[in-house]
2 protein chains.
Amino acid sequence: MPKPTFEKLPNHKREAFTKGFLQEFAANNYDKASVSVVVKKLNIAKGSVYQYFENKLDLYLYLKSLCEMTKMQYVLGIKREDYATFWDYYRTQYEAGIQFDLEHPLESKFLYRIGEKENSEALRGFMKEWKQQAIQAYIGIIQGEVDKGLFRKDISAEAMTYFLVSVSLGIGDVLRDRYHIDFDENIKDGKPLFALDKTVLMEAVDEQIVLLKGALDFKK
Amino acid sequence: MPKPTFEKLPNHKREAFTKGFLQEFAANNYDKASVSVVVKKLNIAKGSVYQYFENKLDLYLYLKSLCEMTKMQYVLGIKREDYATFWDYYRTQYEAGIQFDLEHPLESKFLYRIGEKENSEALRGFMKEWKQQAIQAYIGIIQGEVDKGLFRKDISAEAMTYFLVSVSLGIGDVLRDRYHIDFDENIKDGKPLFALDKTVLMEAVDEQIVLLKGALDFKK
DNA sequence: TATTATTGTGACTACGAGGTCACATGACTA
DNA sequence: TAGTCATGTGACCTCGTAGTCACAATAATA
C-alpha cells in the first residue's frame, strides 16, 4: 500500500501518476509493464516511484484495489433478493459490468487481466485466492437456487458454478471475437474495451444466458 | 523451422535438446522461458541453439508443431460420423486428450499454455489464427447438428460454438481447482498434468457434458 | 596424412529491467 | 534569514535476457 508521501501528494500529481501506471498495467501484463517507461512518460524521476511505494508489486496491488473499489460501486448494490430469477440478477450484474467498462475503460482492462490464466509468478498467490473467493461466493448463490427448486438437483452446485464461471469469463472473448474488437487499440484511443452499442453487446450476452438457462434451470 | 544442422544431429542429442526446451516452455510462458537457462541445464553452448534455429521464436514454433503433431495422433482418428451423438464424439475427444496428457505431459502442458488468453506479443498473431481456425472447424460441426435437428435452432451455431469452447477451455481449470492440482509441481516431477485416475477425471467431465447437453440439445 | 567442411564454444555485446542513494530542491519553522 | 525536514532526482548498480562471432574441435574427404 502507498506510503504517506503518496497520500500527501497534490491531487493532480497523484491522479496523473495513477493514470499513467493504470495505462501501463492495462496494456501489459505485470512482468512486461515497465516502471521505467511510465516514469519517462510522466516526466518524473524513477526514485519518486519508490518514495511512494515499496516496490512494483506494492504499486500493482494498490492499483488493483483502486479498480476493485470502483467496480464495487457498480455491482455492490445488486442483490439477488431484488430480482425474480437468478438470470435477471445475473444479467443486471453483467450489464453493470459493461457500464463500468464504458465509464472506466482503464480500470476495466486492468481487471480483465486478472481473469487471465497466465499470470506472473509474483501474482499467482493473490489471483488464486481471488478466484477461490469468487467461486465460493457463487456456490452459495447457486446452492440457494437449487434449494428453491429453480436449478437442477442432479448436478452439484460446485460443478454448476464452475460451468457458469467458465461461460462468464468466456463471454468477454465471445464479444471480442464476434465483433472483432481490438482491446489494445481501444485502450490506446481511450475508448472502452467494448466500444459498441450497449444493446448490441447485451444481445450477445442474452444469447449466452439463454444457453446457461438451458443448462442450469430445473426441468420438470 | 530447424536448420539442416539440427536435423542431422544424432538422435540422443536432438531428443535431449527437445526435451530440455519443452520443459522450459511448459514451465514458463514464452517471454519468461530462458534460452540461457536451458543451455546451462543441457551443458551445451548457447551458440549451438542458434546453429539449429534462427531465433527463439523459430525454436518455439518448431516445438509447438511437434506437440501438435503428437496430439493429432490421439485426436485425428476420431470422426463425428463414427458416433451416434455429438456428445459421444465430444467425450471421446476429451478422453483422448486426457490420454495424450497421460502419455505426453510435457507436450500437454506446452499446448495448455496456448489456450491461455495472455500471450507474448510475439505470439499473439499465431494464437489468434489458431483459435479462429478451431472455432471455424467447430462451427461447421455444430451447424451440422442443428441441421440434423439435434441441436436447438433458436440460437446461432456461432453463439453455441463460443459457448462450447468457453466451457471446454474451462474444464481444465475445473479439474485443476476441484482436485487441487498443481500443474507446475506435476511437471517438475515428470507426472501428467492431471495426475489422477482417468475415470475420476471423466466423471467431472461428464458432469460438464450433462450441462452442455441441457444448453445445446434440441428440446421438443 | 593433409586438407577441407561442418559443428561446437563461450566470452562478448547491446539492451532493458527493478531498485538504490547521495545529492539537489523546495517548503516550512524558529 | 538560517536551519530543518520532506520531497524530487537521475546516474548508477546488479541482474538477466537474446543473439553474435572469432576461434577451437571434430568429421569427412582427398
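Reminder, nothing fancy here: chain letters follow the sequence lines and each chain counts from 1.
Distance, B:Lys40 NZ to C:dT9 P: 16 Å, rounded to whole Å. The distance from atom CG of A:Asn43 to atom P of D:dT9 is 9 Å, rounded to the nearest whole Å. Separating the NZ atom of B:Lys41 from the C1' atom of D:dG16 is a distance of 17 Å, rounded to the nearest angstrom. Atoms CG (A:Asn28) and C1' (C:dA17) sit 13 Å apart, rounded to a whole Å. The NZ-P distance, from A:Lys13 to D:dA6, rounds to 17 Å in whole Å. Distance, A:Leu42 CG to D:dG8 C1': 14 Å, rounded to whole Å. In this structure, A:Asp31 atom CG and D:dC15 atom C1' are separated by 15 Å, rounded to whole Å. Computed from coordinates, the B:Lys3 NZ to C:dG8 P distance equals 12 Å when rounded to whole Å.
Across residues 49-59 of chain A, A:Tyr50, A:Asn55, A:Lys56 each have a non-hydrogen atom less than 4.0 Å from an atom of DNA chain C (numbered order).
You'll find that the side chain of B:Ile44 is closest to C:dT9, out of D:dG8, C:dT9, C:dG8. For A:Ala45, the side-chain atoms get nearest to D:dT9 when compared with the rest of C:dT7, C:dA17, D:dT9. When distances are taken from the side chain of A:Lys46 to each of C:dT6, C:dT20, D:dG8, the shortest belongs to C:dT20. Taking the side chain of A:Ser34 as heavy atoms from C-beta on, and the options C:dA17, D:dG8, C:dG8, the nearest nucleotide is C:dA17.
Residue contacts shown for B:Val37 are limited to sugar-phosphate atoms, with no base heavy atom under 4.0 Å away. Within 4.0 Å (heavy atoms only), A:Ala33 reaches sugar-phosphate atoms of the nucleic acid but no base atom.
More than 12 heavy atoms of other residues, nucleotides or ligands shown are found within 6.0 angstrom of CE on B:Met1. Under a cut-off of 6.0 angstrom, the local environment of NZ in B:Lys3 is crowded, with over 12 non-hydrogen atoms contributed by other residues, nucleotides or ligands. Residue B:Phe126 qualifies as open at atom CZ: its count of foreign heavy atoms under 6.0 Å is 12 or below. Residue A:Lys131 places its NZ atom among more than 12 non-hydrogen atoms of other residues, nucleotides or ligands, all under 6.0 Å distant.
Here A:Thr5 reaches the OP1 or OP2 of D:dT7: one of its side-chain N or O atoms lies under 4.0 Å away.
Checking B:Lys198 against B:Gln99 by side-chain atom types alone, a donor-acceptor pair falls below 3.5 Å. For the 3.5 Å distance criterion, the side chains of A:Glu68 and A:Trp130 qualify, holding a donor opposite an acceptor. A donor atom on one side chain and an acceptor atom on the other are not found under 3.5 Å apart for A:Tyr162 and A:Glu158.
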